[in-house]
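First the structure, in the form of structure tokens, and then the observations on it.
Remember, it's a predicted structure, so these values are computed and weren't measured experimentally.
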Amino acid sequence: MKLKFLVAGLLAAASFAASAADQSVALNLTDVVSFKATNPVLDGGDDLISFSGLAAGVYDISITLSSQGVTWNQAATNLNGVVGSFSGSKLQFADFEYNGSTPFSLTLVGTKTAGAAKFGYSGDVSVSAVPEPETYGMLLGGLALMGVVARRKAKKSA
């Protein structure tokens with residue numbers, strides 16, 4: 001009886017050790033932030049990387065993945081359910097709308113390349129805010145106002 005509990009405990013511990021530790025990475029708009037896999041699951045599973053530190057808004061997000069012995073499932077890798085576009089080792093999410101209340105997470109899905117002795121990955125994330133249309137409207141309004149003022153000054157001096 002004790003042997004069954006011991007074997008069950010060892011199997012549970014082994015399966016726990018094989019799973020990836022979900023990560024949480026703080027983002028900001030000025031720095032490139034890095035992350036690295038710790039015990040990647042990838043074979044028959046996925047890795048979840050949660051991001052924090054961004055307010056609600058629209059962002060352009062670029063993720064550069066460096067991997068060894070990993071084949072990425074490009075159709076399943078997503079950011080909050082949105083599939084990005086892969087170009088080589090870059091994963092792009094253009095005009096990504098984040099509402100600020102749901103978890104902001106990247107799900108990486110891949111498999112260990114057959115015959116690979118080692119496998120793992122790391123990545124760099126850069127985020128830039130996308131200006132809202134109101135910002136462009138205010139810019140154009142300000143430029144128009146400056147033009148009117150410059151024109152009035154030119155007429156007064158002439």
Partner of Thr107 under side-chain contact (heavy atoms from CB on, under 4.5 Å), picked from Asp47, Thr77, Asn78, is Asn78

Given the options Arg151, Lys153, Arg152, Lys155 meets side-chain contact (heavy atoms from CB on, under 4.5 Å) only with Arg151

Output, in order, the C-alpha distance, side-chain angles, deciding distance and verdict of ring pair (Phe, Tyr, Trp, His ring centres under 6.0 Å) for Tyr59 and Phe96.
CA-CA 5 Å; Tyr59 299 97; Phe96 181 81; 8.1 Å; no

Leu91 vs Leu106, side-chain contact (heavy atoms from CB on, under 4.5 Å): CA-CA, chis, key distance, verdict: CA-CA 11 Å; Leu91 180 57; Leu106 173 67; 4.2 Å; yes

Under a side-chain separation threshold of 4.5 Å, the hydrophobic residues clustered together with Leu143 are Leu139

Once side-chain hydrogen bond (donor to acceptor under 3.5 Å, both in side chains) is applied, do any residues pair with [X], and if so which ones, sequence neighbours excluded?
X	value
Ser67	Trp72
Asp60	none
Asn99	Ser101, Thr102

Is the shortest side-chain heavy-atom distance between [X] and [Y] below 4.5 Å?
X	Y	result
Asn80	Ser105	yes
Val70	Leu65	no
Ile61	Phe51	no
Val127	Tyr98	no

Sequence neighbours left out, what passes side chain to side chain contact (heavy atoms under 4.5 Å, CB included) with [X]? Give chain and number order.
X	result
Thr71	Thr111, Thr113
Ala76	Asn73, Val109
Gln92	Ser62, Ser85, Lys90
Ser89	Thr64

Of all heavy-atom pairs linking Val83 and Gln74, the shortest is CG1-O, 3.6 Å

> Should Phe104 and Val82 be counted in the same cluster of Ile, Leu, Val, Met, Phe, Trp and Tyr side chains packed under 4.5 Å apart?
Replying inline: yes

Applying ring pair (Phe, Tyr, Trp, His ring centres under 6.0 Å) to Phe93 and not counting sequence neighbours gives none

